[in-house]
Amino acid sequence: MRTSEYILATLKETPSDAEVVSHQLMLRAGMIRKLASGLYTWLPSGLKVFRKVERIVREEMDKAGAIELLMPVIQPAELWEESGRWEQFGPELLRINDRHGRPFALGPTHEEVITDLVRREINSYKQLPITLYQVSTKVRDEVRPRFGVMRAREFTMKDAYSFHMTDECLEKTYHKMFQAYCNIFDRLGVDYRPVIADSGSIGGNLSHEFHVLAESGEDAIAFSDESDYAANIEKAEALAPTEARPAPSKELNTFDTPEAFTIAELKAKHGVKPHRGVKTLIVYGAPDEDGKRGLVALIVRGDHDLNELKVEKLALVDSPLEMASEEDIVNTIGAKPGSLGPVGLSMPVIVDRSAAIMADFVAGANKDGVHYSGINWDRDVSAYTVEDIRNVVEGDPSPCGKGKILIKRGIEVGHVFQLGTKYSEAMKAGVLGEEGKNQTLTMGCYGIGVSRIVAAAIEQNNDDYGIKWPVAIAPFELAIVPMNMHKSHRIPEIAEKFYADLQNAGIDVLFDDRKERPGVMFNDMELIGIPYTLVIGERNLDENKVELKNRQTGEKLMLDIGSAVETIVNAIKSK
RNA sequence: CGGCGAUUAGCGCAGCUUGGUAGCGCACUUGGUUUGGGUCCAAGGGGUCGCAGGUUCAAAUCCUGCAUCGCCGACCA
């Protein structure tokens, strides 16, 4: 490709609404442009990267025995009603009506459609197991799209679905997919980790997420510093403390706290250390037979955070989890949030394991502007249950039994699930088994965010000058930058020859044939992140040399003109 | 969904307080100059000042409503 016949679309200035580095660089490097909130056009350079990621994903899926197909974005509501997700999915499911007023959804994922297809097409155990996949556009009406294509409303995902007669068979495919994912991320050249995960709204049992590690990641991952344990923080168990609860040594006392309604204020104004107090959070309980929801109190240590996912799974608590309104709290307890505590509460009280071994602690007195000190479990609060309801923090013992927890941030780029029979049962997808009896299929599903990978790779590979692409997914492998080509006759000649020879050798080349100053060209090529730049200038030509620059290392090599093509091809193809 | 903020040329912004000819930098076009790291000079093109309504002789500027975009929050106890 010649720059003169291409849209480089690079920007000197950073658009003001781009927050994270990958979003800024994708705009500046001319990869994407925003159409509306969470909707992006892929410009030529962006699309080239996107296609390279897509290709690696396809190759590895094919290698793992998955078969590609393509399903519609627009899906009839009936299918979603059948699986129960028309109700369950919430406003993220973008719904439309056709001209006849019939309801449809724009597919955020394709479990329903694939299950419907398989129940029609697959009739015998002999056709199983089978893994089908597609690379397609997904639509999710995100509450808050952000970070460019990282959390967009329309994005591209590779989604695969496997169907089996038995759980053992599902497990085998699951491991095969897991390995295929590792191969994919290895080839993409990103630093990633598979982590134990929750299966979320997709449903199912065992599940792993693949995360690209980056500061800007929206997920927190808990690692062990001594083993290869890694889990999404929402899934990492906070082990029960091994130490025993000290005996009470103080009397229960009240003290006035008229201006302290948060843990931070309690610390600032009354010197209460956060780990010596507890937070009391009020949520709605599971509905009773009449559908009425009571309140439930959740107690965690002042310096700990509640884990909503763990709470949601408790039988006493309504799912999805919802914080009680201030009105309901005042009406039931007689005090506002900020002055609540476990003493004298007439509702179920669920205490975190770490809070349950505290003695002589501080909490609100359920009276505005008053706190208790010297609270002790059993003596002052009789009815309560103990559960794991908090997020792990750094330094906690690892749930795997070895080492301590470290917390890092990650961008979720892949997710594999063992779904089980959630969809096949609801949608009656079964086949005849060996004994001639109908048997419900068991399913797995496996997603990779193709567009998100592009952004995640940039988060991990950039510097002050721009993007530093891994060769495998760079928009171009090499840039030819001639110095002042229009002032010379031999430079264009040699540059053209290199352009032709390198292309013939299978290198993806961008030939910067613009009439620009060298600095402008260098800056553009570095911003776009092309891994190698071949600089052709009079200065070196006199010695029969050209210069090869490596974007990753900054290293410059002088090459003899005669052997340069071979050297370059070897360097690039070895990656 | 709640709070805050923004909206003026393709991009980044000023002008608004105190109403009176719509500006700057980058980008773009033309000419010249320069040429191994975003040259310099000159001339030019490009705007329903987000939309609707109101106040006024006069509104980018003041008032009201709406829309869009963004940030933060939804762990506050």
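Each chain gets a letter, A, B and so on, in the order the sequences are listed, and its residues count up from 1.
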Chemist: How would you list, by chain and number, every residue that makes a side-chain contact (heavy atoms from CB on, under 4.5 Å) with A:Arg2, sequence neighbours excluded?
Modeler: A:Ser4, A:Glu5, A:Glu496, A:Tyr499, A:Phe511, A:Asp513
Chemist: What I want to check is whether an N or O donor and acceptor connect the side chain of A:Glu19 with the base of B:rG70 at under 3.5 Å.
Modeler: no
Chemist: To the nearest Å, give me how far apart CZ (A:Arg28) and C1' (B:rG38) are.
Modeler: 11 Å
Chemist: Write down the protein N/O and nucleotide N/O pairs, taken from nucleotides 44-49 of chain B, whose separation is under 3.5 Å; answer none if there are no such pairs.
Modeler:
none

Chemist: Would you tabulate the pairs of protein nitrogen or oxygen atoms and nucleotide nitrogen or oxygen atoms of nucleotides 23-32 of chain B closer than 3.5 angstrom?
Modeler:
residue: B:rG25; atom: N2; partner: A:Glu13; partner atom: OE1; Å: 2.7
residue: B:rG25; atom: N2; partner: A:Glu13; partner atom: OE2; Å: 3.4
residue: B:rC26; atom: O3'; partner: A:Lys12; partner atom: NZ; Å: 3.4
residue: B:rA27; atom: OP1; partner: A:Lys12; partner atom: NZ; Å: 3.2

Chemist: May I ask you to say what A:Leu11 touches in the nucleic acid, namely base, sugar-phosphate or nothing, with a heavy-atom cut-off under 4.0 Å?
Modeler: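 The residue A:Leu11 makes no contact with any strand.
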Chemist: If I pick the P atom on B:rC11 and the same atom on B:rG70, what distance separates them, to the nearest angstrom?
Modeler: 14 Å
Chemist: Quick one: which protein N/O atoms are closer than 3.5 Å to N/O atoms of nucleotides 67-69 of chain B? Pair and distance per line, please.
Modeler:
residue: B:rC69; atom: OP1; partner: A:Ser37; partner atom: N; Å: 3.1
residue: B:rC69; atom: O3'; partner: A:Lys34; partner atom: NZ; Å: 3.2

Chemist: At a heavy-atom distance below 4.0 Å, what parts of residues 338-374 of chain A sit against RNA chain B?
Modeler: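 A:Gly338, A:Ser339, A:Leu340, in order of number.
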Chemist: Under the salt bridge (charged side-chain N to carboxylate O under 4.0 Å, His left out) criterion, do A:Glu538 and A:Arg490 qualify, and how do the steps go?
Modeler: CA-CA 8 Å; A:Glu538 291 286 352; A:Arg490 55 176 183 168; 2.7 Å; yes
Chemist: Please evaluate the base of B:rG36 for a donor-acceptor partner in the side chain of A:Asn540 within a cut-off of under 3.5 Å?
Modeler: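 Side chain to base: pair present.
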Chemist: Taking atom CD of A:Glu493 as the centre, does the number of heavy atoms from other residues, nucleotides or ligands within less than 6.0 Å exceed 12?
Modeler: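 At most 12 heavy atoms, drawn from other residues, nucleotides or ligands, come within 6.0 Å of this atom.
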Chemist: Can you label the angle between the A:Trp377 ring and the A:Phe361 ring as parallel, tilted or perpendicular, going by 30° and 60°?
Modeler: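 If you compare the ring of A:Trp377 with that of A:Phe361, the planes turn out tilted.
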Chemist: With sequence neighbours left out, what residues match A:Lys310 under salt bridge (Lys or Arg N to Asp or Glu O under 4.0 Å)?
Modeler: A:Asp388
Chemist: Would you call the rings of A:Tyr6 and A:Phe476 parallel, tilted or perpendicular if under 30° counts as parallel and over 60° as perpendicular?
Modeler: perpendicular
Chemist: Answer yes or no: are there more than 12 heavy-atom neighbours, outside A:Glu322 itself, under 6.0 Å from its atom CD?
Modeler: yes
Chemist: From the list B:rC71, B:rC76, B:rG36, which nucleotide is the closest neighbour of the side chain of A:Arg146?
Modeler: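 Selected nucleotide: B:rC71.
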Chemist: At 4.0 Å (heavy atoms only), tell me whether A:Ser16 reaches a base, stays on the sugar-phosphate, or touches nothing.
Modeler: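 Contact class for A:Ser16: sugar-phosphate only.
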Chemist: Would you kindly give the CD-to-P distance between A:Glu218 and B:rA74, to the nearest whole Å?
Modeler: 14 Å
Chemist: Across the strands shown, which category fits A:Ile263 at heavy-atom distances under 4.0 angstrom: base, sugar-phosphate, nothing?
Modeler: sugar-phosphate
Chemist: Please round to the nearest 0.5 Å and tell me the distance separating atom CG of A:Leu406 and atom CG of A:Asp396.
Modeler: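 Atom-to-atom, A:Leu406:CG and A:Asp396:CG are 11.0 Å apart.
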Chemist: Quickly, which of A:Arg409, A:Arg146, A:Arg144 forms a salt bridge (Lys or Arg N to Asp or Glu O under 4.0 Å) with A:Glu218? Name it, please.
Modeler: A:Arg146
Chemist: From A:Lys408 NZ over to A:Asp219 CG, what is the distance, rounded to the nearest 0.5 angstrom?
Modeler: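 Reported value, rounded in 0.5 Å steps: 15.5 Å.
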Chemist: Could you measure the distance from the CD1 atom of A:Ile568 to the CG atom of A:Leu502? Nearest 0.5 Å is fine.
Modeler: 5.0 Å
Chemist: Are any side-chain N or O atoms of A:Asp360 and backbone N or O atoms of A:Lys250, one a donor and one an acceptor, separated by less than 3.5 Å?
Modeler: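 Such a contact is found between A:Asp360 side chain and A:Lys250 backbone.
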Chemist: Please determine which of A:Asn307, A:Val300, A:Leu281 meets the side chain to side chain contact (heavy atoms under 4.5 Å, CB included) test together with A:Ile389.
Modeler: A:Val300
Chemist: For the side chain of A:Thr262, starting at C-beta, report the closest nucleotide among B:rG38, B:rA77, B:rC1.
Modeler: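 Selected nucleotide: B:rA77.
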Chemist: Taking only the P atom of each, what is the distance from B:rU21 to B:rC62 in whole angstrom?
Modeler: 16 Å
Chemist: Mind checking A:Met521 for me? I need base, sugar-phosphate or nothing, with any heavy atom below 4.0 Å counting as a touch.
Modeler: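 The answer is nothing, as A:Met521 stays clear of every strand by at least 4.0 Å.
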Chemist: Can a donor-acceptor pair be found, under 3.5 Å and without considering hydrogens, that links the side chain of A:Asn462 to the backbone of A:Ile458?
Modeler: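 Such a contact is found between A:Asn462 side chain and A:Ile458 backbone.
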Chemist: Could you work out the separation of B:rG31 and B:rC49 based on their P atoms and round it to a whole Å?
Modeler: 34 Å
